[in-house]
Amino acid sequence: MKRQLNNPVVRLFGCLLILSGIVLLFSRWLHVNPTTVGFSFLLAVLLISTTWGLRYAIFTAFVATAAYNLFFLPPLFRFTIADPQNWIALVAFLVTAGVASQLSERARRGTEYADQRRREVERLYAFSQQLWLSENVFELLNVIPKHLADSFDVSGAALFLEGKQETYFVDDRSRTLFPSDQLKSISDRGEPVLDRQQHVCYMPVRMGVRSVGALGMAGCDLSRESLEAIGSLVAIAIERANTVEKLTRSEAARESDRLRSVLLDSVTHEFRTPLTSIKASAETLLSNANLDPAQRTDLLQVINEESDRLNRLVGEAGEVAQLDAHQLHFQFEPHQMREAVDQAIKNSQPALRSHPLEISISPKLPLVRLDLERITEVISQLLDNAGKYSSAKAPIHITVEAEGSEVITSVADQGPGIDEMEQEMIFEKFYRGRDQRMLMPGTGMGLPIAKAIVELHGGKIGVISQLGRGSVFHFSLPAE
């Protein structure tokens, strides 16, 4: 229906239909003086000019003048005028209709232009908001053509970047519409090319006076001012993403250096205790002292356990470095959680030696897709902490159960508990509880490693604790 109303023939017929209605109204039913009829014709001309434009208003004005003369100025039904004053009225009507039509057309075009600029400003705002969502340069460059197509309803879009000498397209059709050589020439010249007949626009992307690339858009009816604003927004977004990326890399490098320093200090401190024990035991064995077999076995046991402790410290330091470099690799396979629990209990025997162990594992648990070695490491870390911080003979509880689509593993102890303020902080690298850091040896790496492993499995880890009542560490993994 809207397309039919835009047809010129239909509009001309509509003008005639409106004038015919006025003539019938005042000639058959409402008998008024010619002045009233003239104002009615003039009002019709103004409405048509406002709605459809000047050329239809001019056509309506001439036809209205003829109808006014034929049906309302004596002698009626003849294109002659008896009274000379009516000539003045007729000419005045025609001139008034023409001037009013031009003024109305000018106001209509001004309104349309203002609406168009308003819509362009709204689209520019939406486009700028989309640009700020990406802080990665590679991602931003790939989505800019798509954002152009979505925000401005263009049928094709391309972005050429001078620094990379690469072109990014919204689709395959845009590759044929915008050759890279043509975009490069626009960038080199630094001047826009607007083909209004083909609805194709080329706009340099400038940062100040420096050209950093070029944009191409097909199906483009945007004003030059809006196109220049788009080019400036794209340039600012690319420069911002570059700056953020450099700052992120710089901050990551500083953080890596800080962690490396803290790690070295922590590991160096923790190495001294097992090394001292190993050194003392070895010197005693080498001194040819009169040791009975039981004493010799105890010293060898000390050397063995402290060597394992050293090995674990080295392993934790290596894992922290791998986590920071995102180089920790996993081998996911379906397993029962009991496999990891049994292996962890075996690995943690020294820490659990003086604690009764209570195990509750629900029957018919679903399989979990996991790296058995890594999850065993997580449970071992929780068991080691439970044994380290619990008093002798205090029981340790291990629970595994299914809840919804997750399998939840818990380790409960009857240790001193963790302050509510510290329950989140203990999962941060190198952090140790303020009440325990001077009493118990440790590096503060175990729980952060456990958290990273669980999260890389798609799970969550946490703790529930009360001071003086003990703690329950738990982690969940998605079931198969």
Side-chain angles (χ1 to χ4, degrees), residues 3 6 109 112-246 248-249:
R3 186 177 298 175
N6 289 333
R109 287 182 178 177
E112 288 182 352
Y113 180 73
D115 287 341
Q116 180 184 358
R117 296 303 298 272
R118 177 182 57 80
R119 287 192 297 270
E120 288 183 2
V121 169
E122 290 173 352
R123 290 178 173 183
L124 282 170
Y125 176 76
F127 178 62
S128 67
Q129 294 299 106
Q130 290 176 322
L131 291 180
W132 305 143
L133 296 177
S134 299
E135 294 186 353
N136 176 275
V137 176
F138 178 77
E139 177 189 355
L140 177 65
L141 294 174
N142 281 280
V143 299
I144 282 176
K146 182 179 183 301
H147 289 336
L148 286 171
D150 293 342
S151 300
F152 301 102
D153 295 328
V154 295
S155 57
L159 168 66
F160 171 78
L161 199 63
E162 194 73 50
K164 294 180 177 290
Q165 291 294 304
E166 290 186 18
T167 307
Y168 305 86
F169 303 94
V170 68
D171 52 26
D172 291 335
R173 178 173 173 270
S174 299
R175 294 180 183 275
T176 58
L177 290 174
F178 305 106
S180 297
D181 293 341
Q182 190 167 2
L183 288 168
K184 187 177 186 308
S185 66
I186 297 294
S187 176
D188 293 339
R189 289 202 305 268
E191 289 295 328
V193 175
L194 310 179
D195 188 346
R196 295 301 187 185
Q197 292 182 344
Q198 300 295 326
H199 299 287
V200 176
C201 304
Y202 292 92
M203 178 60 58
V205 177
R206 286 194 291 258
M207 177 60 70
V209 296
R210 177 172 58 92
S211 180
V212 298
L215 290 171
M217 288 183 282
C220 169
D221 292 320
L222 299 170
S223 64
R224 177 169 179 151
E225 293 82 3
S226 293
L227 290 170
E228 289 178 348
I230 291 171
S232 298
L233 284 173
V234 170
I236 292 170
I238 293 173
E239 193 70 18
R240 171 183 171 275
N242 273 320
T243 303
V244 169
E245 200 168 78
K246 290 177 182 176
T248 302
R249 285 199 295 266

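Note that the numbering runs from 1 along the sequence shown for the chain.
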To the nearest 0.5 angstrom, please state how far the [atom1] atom of [X] sits from the [atom2] atom of [Y].
X	Y	atom1	atom2	result
Q129	S151	CD	OG	10.5 Å
L140	Y168	CG	OH	10.0 Å
S232	M207	OG	CE	8.0 Å
T167	F178	OG1	CZ	11.5 Å
E139	N142	CD	CG	8.5 Å

Quick one: are [X] and [Y] in side-chain contact, heavy atoms under 4.5 Å?
X	Y	result
P204	E228	no
D115	R118	yes
R224	L194	yes
L227	M217	yes
F152	L124	yes
F127	I230	yes
S174	D171	yes
Y202	D195	no

If I compare all heavy atoms of [X] with all of [Y], which pair ends up nearest, and what's the gap?
X	Y	answer
V212	S187	C-OG, 4.4 Å
I186	V193	CD1-CG2, 3.4 Å
L233	L131	O-CD1, 3.7 Å
M203	P192	CE-CB, 3.3 Å

> More than 12 non-hydrogen atoms from neighbouring residues, nucleotides or ligands closer than 6.0 Å to CD on Q198, yes or no?
Replying inline: no
>> Please check this pair: side chain of R206 against backbone of G190, looking for a donor-acceptor N/O pair closer than 3.5 Å.
In response: yes
> Charged N to carboxylate O below 4.0 Å: is that the case for R175 and D172?
Replying inline: yes
Without placing hydrogens or testing angles, list every side-chain donor-acceptor pair under 3.5 Å for residues 153-161, not counting sequence neighbours.
| unit_1 | atom_1 | unit_2 | atom_2 | d |
| --- | --- | --- | --- | --- |
| D153 | OD2 | R123 | NH2 | 3.0 |
| S155 | OG | A218 | O | 3.3 |

